[in-house]
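Below is one structure, written out as structure tokens, with a few remarks after it.
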Amino acid sequence: MSHLEQLRRSLAIAEKDVWIYYAKGPVMVFGIIFPLFLIMAFTIGRNMTVVDLFPGLMGMAIFFTSTAVGPAILPWETRSRTLERLVTAPVEVWALLLGDVIASFVFGILISLIPLSVAVLMGVEVLHAAVFVLGMLLATFCFASLSILLSVYPPTDVPATVMMLSSLVRFPMVFISGVFVPVDQLPGWGRAISSVSPLTYFVDLARYSISGISYYSAPVDLAVMTVFAVVFLVVAIKLHERFLPQRFS
Amino acid sequence: MDAIQVNDLTKRYGGFKAVDHISFSVVEGEIFGFLGPNGSGKSTTIRMLTGIVKPDEGTAAIMGHDIVKDSIRARESIGFVPEMANAYVELTAWRNLMFMGDLYGIPRSERERRASDLLKRFGLYERRDNQVRGFSKGMRQRLLLCMALINDPPVLILDEPTSGLDVESSRLIKEVIRELNRAGTTVFLTTHNIEDASQLCERVAIINRGVIIAVDRPEALRQAGSALYCIEVSFSRSVDERELSDIPSVREVMKFGDKLRLYVDDIDMAITSIVDYARIHNMKILALTTLAPSLEDIFVRLTHKTGAE
Ligand SMILES: Nc1ncnc2c1ncn2[C@@H]1O[C@H](COP(=O)(O)OP(=O)(O)O)[C@@H](O)[C@H]1O
Ligand SMILES: [Mg+2]
């Protein structure tokens, strides 16, 4: 069976995910309100400008929206007993997971366009638009892959368990990614820690896009995000292949 | 070619053998049943056939496609309804079918045509634009069958298709299974219900604790499992069971309320003797029924036999 055909089935799965998991009132409201709330929380009453905050805020918006729903999909399908039928269709595990990643990706991109528009309206000028767009696509894909990786273990049918565990990863990641303090102002150990988070590189790239200043260079940021995306995706596929059977008993 | 060919299939969970070196084959065009109590390894066997669970030992092929080496091909040749499965309740019946069709790479126009046909046949066409959330259990099971048939599969695999259904849905589903089979579909189903197995299946494998203990036609299993007939009789007043067991050819007597059940070797001799017994003791016979040995008797005998080993 051709990979292209499998890819088309991924798209069908992504479409299903969008209808079932994303096109829901509360999810949309969360997706839209949360980044705007972040913008307000960080600008109101502080003498930092939107321009100063833009890289970190965009980073958080993309990161939180593209990892918001992904981890819950497999536990949810296990619980609602739709998973066995789904995984016995002639679809490879990679294609199935890629479908979930694509859904998270689409949601992340669409929702992040809102804070991006608000920022632009508030006077943020994106100098290197092409680099920024590429970075945004890559980062969203990378985080969407991470969201699928987060549901690997335990192979539970309780979405809340997975969401709680994934929050334990997601929130600390924001703190070590140069969102609140730019990487170049961190101490050496801080920089070392921040280098293991893919979000660091997107924030760095976003800073470059609006000011021309960055700690790493734009090509490095893009390359590292690509590596993270591939690693997350491959590891997620391998581990899901291993643990998926345990979801049935 | 056999529709399903299974050789020495084995699955262990830790040290526990959920499925233990089972072998059988399902001939094209038959309805083959897997009959066994809960936890006997029926679903695990099916999950190996559908490619979710990797066998530890043994091989299996569906329509000639190896379930491990050629899993996608094997899956393309089956329609499957898992045990206690559900369609997506947030989607409409129609969307569920379109999604399934997509997963099998069926072109849109073909998908739509098949979906309409199936929904009409299963009495769901009027409800096609309703969310599955509002469907009854029977309707959901019918929709799952539609979803299993969207790829027009040569082999249909059903894990406990009628369990927990109301009588009407259960009957409809059994009718559809027979109808599909008449049209050429091979059916492999599991059940823990003996009646379903004997009503539907041409051949039955009896499985217990991961081991197949018999494979045969339900009628042959009846005869092989027990040569004993059963007579149910009730008299105009109560009698001593022990006296009845002295009647020639009676092997065993059990009391069921005001009825007595006698297991006998020779049905003719037994009935004559019972009539004599009633006359001697000046009693009337209120009812007398002969029962062929049920599959349940055989099942209990066979499973107890292996259980004791
Ligand atoms: N994923 C699993 N992990 C551990 N044990 C399992 C798993 N799946 C099934 N089993 C065990 O294997 C045995 C057979 O189960 P199953 O095939 O579901 O039986 P059946 O379908 O006949 O009721 C049961 O004892 C069950 O507890
Ligand atoms: Mg079962």
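Convention: sequence-line order gives letters A, B, ...; per-chain numbering from 1. Since this is a predicted model, take the numbers as computed values, not measurements.
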Review point. Any salt bridge between Lys16(A) and Glu90(B), counting N to O under 4.0 Å?
Key: no
Point to revise | residues 67-78 of chain A: residues contacting chain B (heavy atom under 4.5 Å, by number) | key: Trp76(A), Glu77(A)
Check your understanding: Hey, what do you get for OG1 (Thr92(B)) to CH2 (Trp19(A)), rounding to the nearest 0.5 Å?
Key -> 10.0 Å
Exercise for review: Apply salt bridge (charged side-chain N to carboxylate O under 4.0 Å, His left out) to the pair Arg95(B) and Glu15(A), showing each step before the final yes or no.
Suggested key: CA-CA 11 Å; Arg95(B) 253 190 191 284; Glu15(A) 191 189 335; 3.7 Å; yes
**Study point:** Proximal to chain B - members of residues 80-88 of chain A, heavy-atom separation under 4.5 Å
**Key:** Ser80(A), Arg81(A), Thr82(A), Glu84(A), Arg85(A), Leu86(A), Val87(A), Thr88(A)
**Study point:** Contacting region of Ala87(B) [heavy-atom separation from chain A under 4.5 Å]
**Key:** backbone
Exercise for review: For atom NZ of Lys54(B), decide whether the heavy atoms of other residues, nucleotides or ligands shown that lie under 6.0 angstrom number more than 12.
Suggested key: yes
Practice item. Counting only heavy atoms closer than 4.5 Å, note whether Met98(B) contacts chain A via side chain, backbone, both or neither. Key: neither
**Study point:** Under 4.5 Å from any heavy atom of chain A - which part of Leu91(B)
**Key:** side chain
Point to revise | Which residues share a side-chain hydrogen bond (donor to acceptor under 3.5 Å, both in side chains) with Arg111(B), sequence neighbours left out | key: Asp102(B)
Review point. In terms of heavy-atom pairs under 4.5 Å with chain B, which of Gly99(A), Pro245(A), Ala89(A) leads?
Key: Ala89(A)
Point to revise | Best-contacting candidate, Phe99(B), Phe80(B), Tyr88(B), against chain A by heavy atom pairs under 4.5 angstrom | key: Tyr88(B)
Exercise for review: To the nearest 0.5 Å, tell me how far Gln6(A) CD sits from Leu103(B) CG.
Suggested key: 9.5 Å
Check your understanding: Are Arg247(A) and Ile52(B) side-chain neighbours, meaning at least one heavy-atom pair lies under 4.5 Å?
Key -> no
Review point. Rounded to the nearest 0.5 Å, what separation is found between the OH atom of Tyr13(B) and the CD atom of Gln246(A)?
Key: 9.0 Å
**Study point:** Top contributor to chain B interface from Leu244(A), Ile13(A), Leu11(A), Ile20(A) [non-hydrogen pairs under 4.5 Å]
**Key:** Ile20(A)
Check your understanding: Side chain, backbone, both or neither: which part of Ser43(B) has a non-hydrogen atom closer than 4.5 Å to chain A?
Key -> neither
Revision key, fill the gap. Contacts of Asp8(B) meeting side-chain hydrogen bond (donor to acceptor under 3.5 Å, both in side chains) (sequence neighbours excluded), chain-then-number -> none
